[in-house]
Enquirer: 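Once you've had a glance at the structure underneath, I'll fire off some questions.
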Amino acid sequence: MFGRPESNELNFPREWLLRWPSAQPGGPETLVLEDIPEPIAGPGQVRVAVRACGINFPDLLIIQDLYQYKPPRPFSPGSELAGVVDAVGEGVEHLRVGERVLLSPARGGMAEKAVGPAGNCWKIPDAMPFDAAAALLMTYGTSQHALKDRAQLRAKETLVVLGAAGGVGLAAVELGKAMGARVVAAASSPEKLALARDHGADEAVQYPAGPLDKAQARAFTDQLKSACGAEGAQVVYDGVGGDYTEAALRAIGWQGRYLVVGFTAGIPKLPLNLPLLKSCQIIGVFWGEFAARYPAQHASNVAALMALYLDGRIKPAVTERFPLVRGAEAIARLGARQARGKIVVTIDT
């Protein structure tokens, strides 16, 4: 049972706010809803009245101390949010109270109000709903950086996307199509593959859920080779890891590019004779660090994503919404690997 009020009535005084803090390492069951004073926007910061918070796999890892970044406790999960500017700190000139924005990367987004760097705050179009905005930047930003900056995906190339029905996977499918690639979606169920096809995938390959034995891994490789054709995949986008990585790498083409994005199935081990035989590249993708190191290039990428959204070429697939009082359940849902598309926690006013 997750820690939350015994009834649906929120009886906290309204000068206090709600958040889900992580006070000790553990799963979503360790989160307990609490009331806190209103945070203050310091110099260079902005405070946002949160309307929606996107849930991502790092939220599950970070509360377990399994992520590369370990913030001091207590902290609230939630690294991308959308809402209305509620206050601006000293030195912030490009934002005004009342403007609709998304904030990412952020900290403490699973709360009624959150404070973050003004440089990570982006104005959103009036036509963009808050839940779509909260589902945009981490997934599409990661996949855009992977395909555009790291792999330099070209039109007519074949792109394989593992975990194609998840948040970053669906974003990779849509962006791959927008870049003119032929997209092969791989996922663990017919329902997930149908969602990937709805978002533009040209081919679909189903792999077994759970660890793969040698026969299953070989069969997955053969399915990918068949779907990709004689030249193999020019780019593989891997947000899954585990046993799926080696099987997918065996289907890559000559001088292909293999994108290491995430490890929802565990961190894989690879026989390094495969990159030699394929003359391929294994390329790491760390979007958060890229955004921090190259803010001008990141800003250009965000502007391009907004243009693609307004043109209707990308559309975040928000498939489940949880109210704030059920925020821990949203993270648990993601951890069970049952999610399709993007899960969002919503905050009503």
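Values below: all heavy atoms of this structure, side chains included; hydrogens, waters and symmetry mates excluded. FYI, the numbering just counts along the sequence from 1. Note that the structure is a prediction, hence the values are computed from the model and not measured.
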Enquirer: Can you list every salt bridge (charged side-chain N to carboxylate O under 4.0 Å, His left out) pair that touches residues 80-96, not counting sequence neighbours?
Expert: R47-D86, E80-K342, D86-K113
Enquirer: Under the side chain to side chain donor-acceptor pair (under 3.5 Å) rule, collect the residues that match up with Y294, sequence neighbours excluded.
Expert: none
Enquirer: Does anything in residues 170-203 pair up under ring pair (Phe, Tyr, Trp, His ring centres under 6.0 Å), and if so which pairs, sequence neighbours excluded?
Expert: none
Enquirer: Which pairs count as ring pair (Phe, Tyr, Trp, His ring centres under 6.0 Å) when at least one residue sits in residues 60-111, sequence neighbours excluded?
Expert: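 Of all non-adjacent pairs touching residues 60-111, none passes ring pair (Phe, Tyr, Trp, His ring centres under 6.0 Å).
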Enquirer: With sequence neighbours excluded, give me every ring pair (Phe, Tyr, Trp, His ring centres under 6.0 Å) pair touching residues 208-243.
Expert: Y207-F220
Enquirer: Taking the basic N atoms (NZ, or NE/NH1/NH2) and the acidic carboxylate oxygens, is any pair closer than 4.0 Å for D202 and K177?
Expert: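 Answer for the salt bridge query: yes.
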Enquirer: Keeping to residues at least two apart or across chains, list the side-chain hydrogen bond (donor to acceptor under 3.5 Å, both in side chains) pairs with something in residues 268-290.
Expert: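 side-chain hydrogen bond (donor to acceptor under 3.5 Å, both in side chains) check on residues 268-290 returns E289-R293.
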Enquirer: Whether the Y258 and D238 side chains hold a donor-acceptor pair (N or O, under 3.5 Å, no angle test) is what I'd like checked.
Expert: yes
Enquirer: For the pair R340 and E191, find out whether any cationic side-chain nitrogen is under 4.0 Å from an anionic carboxylate oxygen.
Expert: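 Looking at R340 and E191, the cut-off is not met.
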Enquirer: By salt bridge (charged side-chain N to carboxylate O under 4.0 Å, His left out), which residues pair with E231, not counting sequence neighbours?
Expert: none
Enquirer: Output every pair passing side-chain hydrogen bond (donor to acceptor under 3.5 Å, both in side chains) with a member in residues 215-224, not counting sequence neighbours, ordered by first then second residue.
Expert: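 Qualifying pairs, neighbours excluded: none.
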Enquirer: R154: which residues meet the side chain to side chain donor-acceptor pair (under 3.5 Å) condition with it, sequence neighbours left out?
Expert: E157
Enquirer: Of all residues at least two apart in sequence or in a different chain, which pass the side chain to side chain donor-acceptor pair (under 3.5 Å) check with D65?
Expert: R73
Enquirer: If the condition is side chain to side chain donor-acceptor pair (under 3.5 Å), which residues does R321 pass it with, not counting sequence neighbours?
Expert: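 Scan of R321 (side chain to side chain donor-acceptor pair (under 3.5 Å), adjacent residues dropped) gives D131.
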Enquirer: Give me each pair satisfying ring pair (Phe, Tyr, Trp, His ring centres under 6.0 Å) with a member in residues 120-178, each pair once, sequence neighbours excluded.
Expert: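 Sorted result for residues 120-178: W122-H298, H145-F290.
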